[in-house]
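Within every chain, numbering begins at 1; the chains are lettered A, B, ... in the order of the sequence lines, protein sequences first and strands thereafter.
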Amino acid sequence: MTDKKKKLLLVDGSSVAFRSFFGLPNLDGFRNKNGLHTNALYAFNNILERIFQTEEPTHLLVAFDSGKTTFRNALYGDYKGGRASMPSELSEQWPYFGVLVHAFGGKTYELVNYEADDIIGTYSRMADQAGYDVVIISGDKDMIQLTTDNIRVDITVKGVSELKSYTPDVIRGEYGIEPRQIIDMKGLMGDSSDNYPGVTKVGEKTALKLLTEYGSIENLYEHIDELKKSKMKENLINDKENAFMSKTLATIDLDSPVTLKLDELAVEGKQIDKLTDFYREMDFNGFLDKLGVASEDRSESFEDIHFEVLTEIRPEHFTDRMALYVEMLEDNYHDGKILAVSWGTDEKIYTASLETVLASVAFEEWAENVGAHKIVYDGKRTMVMLHYAGIALAGIDFDILLASYILNAKDNSKDLAQVAQEYGYNDVSFDEAIYGKGAKTAVPEDAILHDHLARKVKAIQALFAQLNAELESNVQKDLYYEMELPLSFVLAHMEIQGIKVEPQRLLTMKEEFAGRLLEIEKTIYAEAGEEFNINSPKQLGVILFEKMGLPAIKKTKTGYSTAVDVLEKLQAQAPIVEHILNYRQLAKLQSTYVEGLLKFIKPETGKIHTRYQQTLTQTGRLSSVDPNLQNIPIRMEEGRKIRQAFVPQQAGWKLFASDYSQIELRVLAHISGDEHLREAFLEGQDIHTSTAMRVFGIEKPEDVTANLRRQAKAVNFGVVYGISDYGLSQNLNITRKAAQEFIDRYFDKYPGVKQFMEDIVKEAKETGYVETLFHRRRYLPDIHNRNFNLRSFAERTAINSPIQGTAADIIKVAMVRMDKVLKEKGLQANMLLQVHDELIFECPEEEIPVLEKLVPEIMEHAVDLAVPLKVDSNSGDSWYDAK
DNA sequence: AATATCACG
DNA sequence: ACGTACGTGATATTG
């Protein structure tokens, strides 16, 4: 029986720490709860993890440089001179690298007067002689001088994400010299980062040529007379001293006075407790979860939680004010499976299986009782889930997720533990730790599941008061209680209601499109002279710009751009271009809308049930997913026909749609108070025509040509987006200079708008955030960024968000009121969809006249602005016809 | 998992 | 000089 061969892993801690820091430059993304930067520690952990797995070392030493000066400074005062000092963001992490290594069961070492290189060199030689395999990890290429048949050196490339292995053979192959000659090479070349000189004008190539011929610096200088007269020879002679000194500096000491014995470097194995403590301190939750034992281990550190698993639910299990949590793993709650339910107060928490809940009258009575107050996490989700279980949840008083989103739209994590942690509550696990992720997702045994749910309920209880108080201090209680929370109930109803879609209409289109696609495909292949994947921008680029020689107008990160604006410019040059544009358009309709929507029609009801994301956008808008019903085609007639498939749920009913006209510009007129913009709306003028008249100095509206109106419209859009000359020039296909002139003229004519833009950016810089009319906040951390791009982006965002956000607020108010009025009036009409500035209803034909009055009434008076709001309405037998 | 493209307001 | 319009989601390809 033979022992496994011993393997020593030597890590240049200082150099790998530096590489870790600069390889993961996302400083803001990696900070723990105390504000400590953790990016380098995170990357360092990754590299340790990886080399442990791939190398399986029996021994480990991580060496660090010690202090500023070493014996090399005695030799050459400027050694490593001129180096920028360590950034504070890295130095604050420095003390923790050792802690991490020790938690991994490894030793660290540093030695006064010596560099990490020398420690590593010394141990590598000791181990080599003792018959170990040795692997060295460093970011410093000088280290490859240490390679032997038993010593491999891995150098980090691209941060720390990749390692390049050096062995004597690799060095011979790459440089044509032996490892021991590396120091001669460095001696001749010098090293700019370590700041030693070498020989003037001698770089890697020359050095290698000389070494292949003469073998070493010593031998070279012995034969220096044999060299032909040249500038290089002169330099060699002049810099002889430097050459020898540099060689010495490059030479790693193999006999430094280290004190640890090889045996003492044996790996002790991961110290799970230390590692857990470390990860917890750094907030490395992903690593905690990966520890495997972590969830158990973590829950040991949790405070004990007392809860009761009920098998029979009775009225005494409920009191007035309780937290409620319903668990489901699927994102899409329209067809997921409830795993279990938990509810409780500060004193008492219960959990129960779905079966138990369904078998109980008491639960349903409590859940449906508006007077029984509930605090939840993601109320809309909870309502829809329970709806499918036959329970009409009512009485939601507070929604933790919704509140955290209002307090900071960045807090839109699905995970309760994430939100809890941000508010300093840590007694609850991340879902990933309990259920795993990806293919490994699994439901744990009941004991763990119920414990997890009980902790969630406890967290919900614990967070309520704090979040509520923060809403209060931000003056956001109205926004929350009057708008967002009631809206979440309205949205739940809309999602449950769904919209009916005729599969037959889509299937007919599918067949037609398939035929036409095939035809266009054939034409394109013929014109290209070969078959290729038209859907691949890469392959298409090769055909258009290489094979056919069309001019490449724009490039992307990965190659030629083949986007519409590019293709449109090439249209005249080759007929294939137009065919590609047609193909693209049809392929998009086919895959995303025809086939895509068909997949979402519920067979039982013939309806599509989207989900609105109420806690996602940074501006306060909703978004729609699975499927997205907010981007159904309308601009092109071809695509618009998709809307013919969207119909009322029963015969004799109609679809009814109302949309705000120019709501964002009206909002701008209000919040900027600009006199001329306000006047235009008050007088009911066509806003783009009015802008054209002012900006282009035209007297009469009838003199504004279609083209001038188009340009004015682009300027108006630009204003809302936080205009820039470049953006406008791109949009209008004009020069930057011309675009700038438009902007100057606009600001000249609308000074209130200009003032607003300046003021709002100033406000953002002072407070760090901007607000809508209803106090919805958007924080702009980049507003002070030194990076021009990031700062400019933040400035444009400061302008756009209050406008887009106020418009979003307004339609939300309208939705809440609309829902209420429909109920009060006992109408059968259902609100089905929201598309940012538009609401879509279905109703019996006879209710159409009612809606025609009622909906614009509510929408136009959702808020009182300095300009009127205007709403246009239409109805028809399909969404297509409600135009 | 990232990138390019394109659908909407 | 810097390099861009604001806000989203779905699909297909490719590394």
Among [options], the one nearest [X] by side-chain distance:
X: A:Asn631; options: B:dC6, B:dC8, C:dG7; result: B:dC8
X: A:Asn800; options: C:dG7, B:dC8, C:dG15; result: C:dG7
X: A:Arg796; options: C:dT8, C:dC6, B:dA4; result: C:dC6
X: A:Ser623; options: C:dG9, C:dG15, B:dT5; result: C:dG9
X: A:Ser591; options: B:dT5, C:dA12, C:dA5; result: C:dA12
X: A:Arg584; options: B:dG9, B:dC6, B:dC8; result: B:dC6
X: A:Phe788; options: C:dG3, C:dT13, B:dT5; result: C:dG3
X: A:Pro633; options: B:dA7, B:dT5, C:dT4; result: B:dA7
X: A:Asp725; options: C:dT4, B:dT5, C:dT11; result: C:dT4
X: A:Ala563; options: C:dT8, B:dC6, C:dT14; result: B:dC6

Separation of [N] [atom2] from [X] [atom1] (nearest whole Å):
X: A:Ile723; N: C:dG3; atom1: CD1; atom2: C1'; answer: 16 Å
X: A:Leu622; N: C:dG9; atom1: CG; atom2: P; answer: 11 Å
X: A:His836; N: C:dC6; atom1: NE2; atom2: P; answer: 16 Å
X: A:Ile580; N: B:dT5; atom1: CD1; atom2: C1'; answer: 14 Å
X: A:Asp565; N: C:dT4; atom1: CG; atom2: C1'; answer: 14 Å
X: A:Asp837; N: C:dG7; atom1: CG; atom2: P; answer: 17 Å
X: A:Ile743; N: C:dT4; atom1: CD1; atom2: C1'; answer: 11 Å

For A:Arg736 and A:Gln804, take the nucleotide of DNA chain C holding the closest heavy atom to each; which residue's nucleotide lies nearer the 5' end?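 Comparing both residues, the 5'-ward one is A:Arg736.
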
Using a cut-off of 4.0 Å on non-hydrogen atoms, how would the nucleic acid contact of A:Ile799 be classed: base, sugar-phosphate, or nothing?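 Since no nucleic acid heavy atom lies under 4.0 Å of A:Ile799, the category is nothing.
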
Pairwise C1' distance for B:dC6 and C:dC2, with rounding to whole Å: 29 Å

Which residue in the set A:Gln614, A:Gln613, A:Glu495 passes side chain to side chain donor-acceptor pair (under 3.5 Å) when paired with A:Lys380? A:Glu495

Can you establish whether the number of heavy atoms outside A:Glu568 located under 6.0 Å from its atom CD is more than 12?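 It does: A:Glu568 CD has more than 12 such atoms within range.
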
What pattern of brackets, bars and dots sums up DNA chain C from 5' to 3', given Watson-Crick or G-U wobble pairs under 3.5 Å, [ ] for crossing pairs and | for another strand? .....|||||||||.

